[in-house]
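Below: one structure, written as structure tokens.
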Amino acid sequence: MKRTHYCGELREAHAGQEVVLMGWVQRRRDHGGLIFVDLRDREGIVQVVFNPEQEPSAHELAGKMRPEHVIAVQGTVALRPPGTENPHLQTGRIEVWAKGAEILSEAKPPVFPIEDEIETAEDVRLTYRFLDLRRFPLQRNLRLRHRVYQVVRAFLDRHGFIEVETPVLTRSTPEGARDYLVPSRLYPGSFFALPQSPQLFKQLLMVSGLDRYFQIVKCFRDEDLRADRQPEFTQIDIEMSFIDREDILTLMEALIAELFEQAAGILLPRPFPRLSYTEAINRYGLDKPDLRFEMELKDLTDLLRGSGFRAVAEPLAVGGWAKGLNTKGCGGSSRSELDGLTDFVKGFGAKGLLWLKVTTNGLQSPVAKFFQPDVLHGIQGRLKGEEGDLLLVVAGEPIVVSEALGRLRVKLAQDLKLIPEGEYRPLWVIDFPLLEFNEQEGRWAAVHHPFTSPMDEDLPWLDADPEKVRAKAYDMVINGQEVGGGSIRIHRREVQSRVFERLGIGPAEAKAKFGFLLDALEYGAPPHGGIAFGLDRLVMILSGASSIRDVIAFPKTQRAQDLLTKAPAPVEPAQLRELHLKIAL
RNA sequence: GGGGUCGUAGUUCAGCUUGGUUAGAACGCUGGCCUGUCAAGCCAGAGGUCGCCGGUUCAAAUCCGGUCGGCCCCGCCA
């Protein structure tokens, strides 16, 4: 027998046709006489009818069919008798009258039901991922992911980008995430590293004159996992020569807009708004603001400076900030709800959370007595507090205040269901700082990466006031998720050396670890820049998945294990000897 | 490294506070009956290392300590 159709594609128009179907038994309804088998393949489900009076041998075989058996059926497509149509099935107006059948493969009962909505524990699903992937929602996500590959490749090809593969076995470089290492057999004691991104290779390809490069590429970072983070993930990696920031933002916006439209029928509002890093932090507290709702942060520093409340006055006296937001209509919040919010902001380093309820008799708050009436009035005015509102204020170090209130803003919007379904709000965040001071290591570190170009006009500040130097870097953010980021790169050797120096990477170390890049910059490097998108996160947004594991065929657990293959696993002593490795636990 | 939460038939859960009969339910599974069902129906049956280790106790799924694992978060992720 040779398959002629997919189960899920049959419609009324096929009535009367002879078909051969192959697939998995979804369910069998055995009436003693008639047997109904729901047959499933990747396109859907169709009902097959086995009639003992018409085809006794096929009917007898149908009696042996069990869920998830793989079978072949030969039969005739027929309109269902009136009154027996099933409106829940795409194929529900027809059925297949079986003339012959074959069991191609028997199956043990599945560990969990193969249905759209299941509540099976995720470790069971991951251990039997091949069964989990039979379920329609995951197949839909994988097919959406496939569409993403195709749309991206078509767009970039049309715009002159050349797809190039870069090495997976490469060298470890300082800065950035922890590397996955691969021991070298031929060079005892030396290691390859799996790339955290093909950053340096794509820059070298620009020096080589490729002009426009892209790659859909796996990247590896040995850091702890989250709902949107896996140790191996996929980037859409892009680099262009002889362009400025504007060229990249415009073209990449077009790429993402086309992707959303063609892969998921979503029309993104264009042009994407642009926010400077500073403005994003000031208004939303985070560098990846969710624009689907308001509730902006307001600065209260000037109002609260010199207040009698030490918990506020002290941080402000040493350069801290006080900011607040208005939770509309939440003035009735209970003490335990407010305690919960306080615990939440403390999780991000805030010392506490001031709350003020707007009532008919003015502001009600345990700390109201510490503030002059005009200060209270000022807070209410600036936060536009109306009766029934809840005003929340945090004071402290600027980054702590921003992050705590920024995260609180998102949490409140989720809890209060202020986030509209089916809305997509992209934006660019630009003008990031080039450097940030790493307290732990007591040195300046690159916010983006060490090859990011400083703004030309900020270059003089590099040594005197590093904090002031802005980078030619940009992030694309959609619905509060960072989906991509990039920069214009340094293409002049002397600038790269100065940045390395600022990062505490001396000439000798730079030569040892990035010599190839510095060399390349001395042999005619074009001005260039690029971007990398997190493909998994884009597919998450497009599919509405809440976990990155739902858009990856074979993901790892939060402890970075593959429950299906049981990787990582110990290896034979002989393998270790070959690699000149000893295990020291 | 830290915080939270969950762990009992194949699956999803109840039982755990207040220790004490044979650890239950639903779905699934097996057998039988049944000719228009689509969560088919009816009857019967099988199925348990209560995550693991230790402690308390006459007695532990239940109390205590530890440990392992899933998920969420902080740190981390240029």
Side-chain angles (χ1 to χ4, degrees), chain A residues 26-39 45-54 59 63 66-68 78 80-89 91-92 95 97 107-115 117-128 131 173-179 196-197 199-200 219-231 233 343-349 403-404 407 411 432 434-436 438-441 444-452 471 473 482 485-487 499 503 505 532 534 546-547 549 556-561 563:
Chain A
Q26 179 72 25
R27 203 171 268 114
R28 184 182 60 122
R29 291 175 295 279
D30 186 344
H31 287 240
L34 287 180
I35 294 177
F36 300 95
V37 167
D38 290 343
L39 191 61
I45 290 175
V46 71
Q47 172 166 280
V48 181
V49 186
F50 292 88
N51 189 323
E53 288 171 4
Q54 290 171 9
H59 177 267
R66 292 294 179 273
E68 300 310 311
R80 292 198 186 189
T84 66
E85 299 90 348
N86 183 348
H88 302 296
L89 284 183
T91 61
E95 61 194 8
W97 292 355
K108 297 203 278 188
V111 173
F112 47 83
I114 310 302
E115 290 166 3
E117 304 292 334
I118 61 172
E119 290 177 10
T120 303
E122 199 163 352
D123 50 343
V124 179
R125 289 175 48 201
L126 290 175
T127 303
Y128 295 90
L131 294 180
T173 52
E175 304 270 320
R178 191 177 295 115
D179 285 318
Q196 299 176 25
S197 82
Q199 181 60 37
L200 293 170
C219 302
F220 306 86
R221 295 178 189 176
D222 187 5
E223 298 292 347
D224 287 344
L225 288 75
R226 289 287 187 280
D228 61 353
R229 264 167 39 189
Q230 283 272 305
F233 61 99
D343 288 342
F344 181 82
V345 297
K346 282 182 174 171
F348 298 98
E403 168 141 40
R407 302 290 284 256
K411 174 193 163 58
F432 279 82
L434 183 74
L435 303 162
E436 64 188 345
N438 185 320
E439 300 283 349
Q440 282 176 0
E441 298 177 28
W444 291 91
V447 169
H448 188 50
H449 57 55
F451 320 107
T452 300
E482 181 198 327
S487 62
V499 170
L503 293 169
I505 302 173
S546 56
S547 164
R549 297 180 298 279
K556 292 177 177 56
T557 68
Q558 198 181 38
R559 301 249 309 149
Q561 270 191 320
L563 294 181

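Just so we're on the same page: letters track the sequence lines, and every chain starts at 1.
- Contact annotation for T452(A): no contact, since no heavy-atom pair falls under 4.0 Å across all strands.
- Residue V447(A) is classed as a sugar-phosphate contact, given heavy-atom separations below 4.0 Å to backbone atoms only.
- A donor-acceptor contact under 3.5 angstrom links the side-chain atoms of Q47(A) to the base of U37(B).
- Remark: the E95(A) side chain and the G36(B) base include a donor-acceptor N/O pair separated by less than 3.5 Å.
- Salt bridge status for D224(A) with R229(A): absent, with no side-chain N to carboxylate O gap under 4.0 Å.
- The shortest distance between the side-chain N/O atoms of T557(A) and the OP1/OP2 oxygens of G70(B) is below 4.0 Å.
- Between R29(A) and A40(B) there is a side-chain polar atom (N or O) within less than 4.0 angstrom of OP1 or OP2.
- Note on R66(A): every side-chain N or O is 4.0 Å or more away from OP1 and OP2 of C29(B).
- For E223(A), counting side-chain heavy atoms from C-beta on, the closest listed nucleotide (C74(B), C76(B), U37(B)) is C76(B).
- Under a cut-off of 6.0 angstrom, the local environment of OH in Y128(A) is sparse, with at most 12 non-hydrogen atoms contributed by other residues, nucleotides or ligands.
- Considering only side-chain atoms of A121(A), the nucleotide from C29(B), U12(B), U11(B) that sits closest is U12(B).
- In this model, the phosphate group of C72(B) is approached by a side-chain N or O of R549(A) to a distance below 4.0 Å at OP1 or OP2.
- Counting non-hydrogen atoms under 4.0 angstrom, D222(A) reaches nothing in the nucleic acid.
- Stacking of the aromatic ring of F112(A) onto the base of U11(B) is not found under the criterion of centres within 5.5 Å and planes under 30°.
- Spacing between G47(B) and A26(B) at atom C1', rounded to whole Å, works out to 15 Å.
- In this model, no side-chain donor or acceptor of R221(A) finds a partner on the base of C77(B) within 3.5 Å.
- At the heavy-atom level, Q230(A) lies nowhere under 4.0 Å from the strands shown.
- Between the side chain of R229(A) and the base of C76(B) there is at least one donor-acceptor pair of N/O atoms closer than 3.5 Å.
- Below the 3.5 angstrom threshold, one finds a donor paired with an acceptor across the side chain of R80(A) and the base of C38(B).
- In this structure, E68(A) contributes its side chain and P110(A) its backbone to no donor-acceptor pair below 3.5 Å.
- Pairing partner, U12(B): A25(B), with both Watson-Crick or wobble hydrogen-bond distances short of 3.5 Å.
- The side chain of A177(A) sits closest to C77(B) out of U11(B), G70(B), C77(B).
- Side-chain nitrogen and oxygen atoms of R226(A) include none within less than 4.0 Å of the OP1 or OP2 phosphate oxygen of G75(B).
- Backbone-only contact: F348(A) has heavy atoms under 4.0 Å from sugar-phosphate atoms and none from a base.
- Here, A61(B) and G7(B) have their C1' atoms 12 Å apart, quoted to the whole Å.
- Side-chain proximity of A227(A) to C71(B), C72(B), A40(B): nearest is C72(B).
- For C38(B) and C72(B), the C1' atoms lie 38 Å apart once the distance is rounded to whole Å.
- R407(A) has a side-chain polar atom (N or O) that falls below the 4.0 Å cut-off from OP1 or OP2 of C74(B).
- Here R27(A) reaches the OP1 or OP2 of A40(B): one of its side-chain N or O atoms lies under 4.0 Å away.
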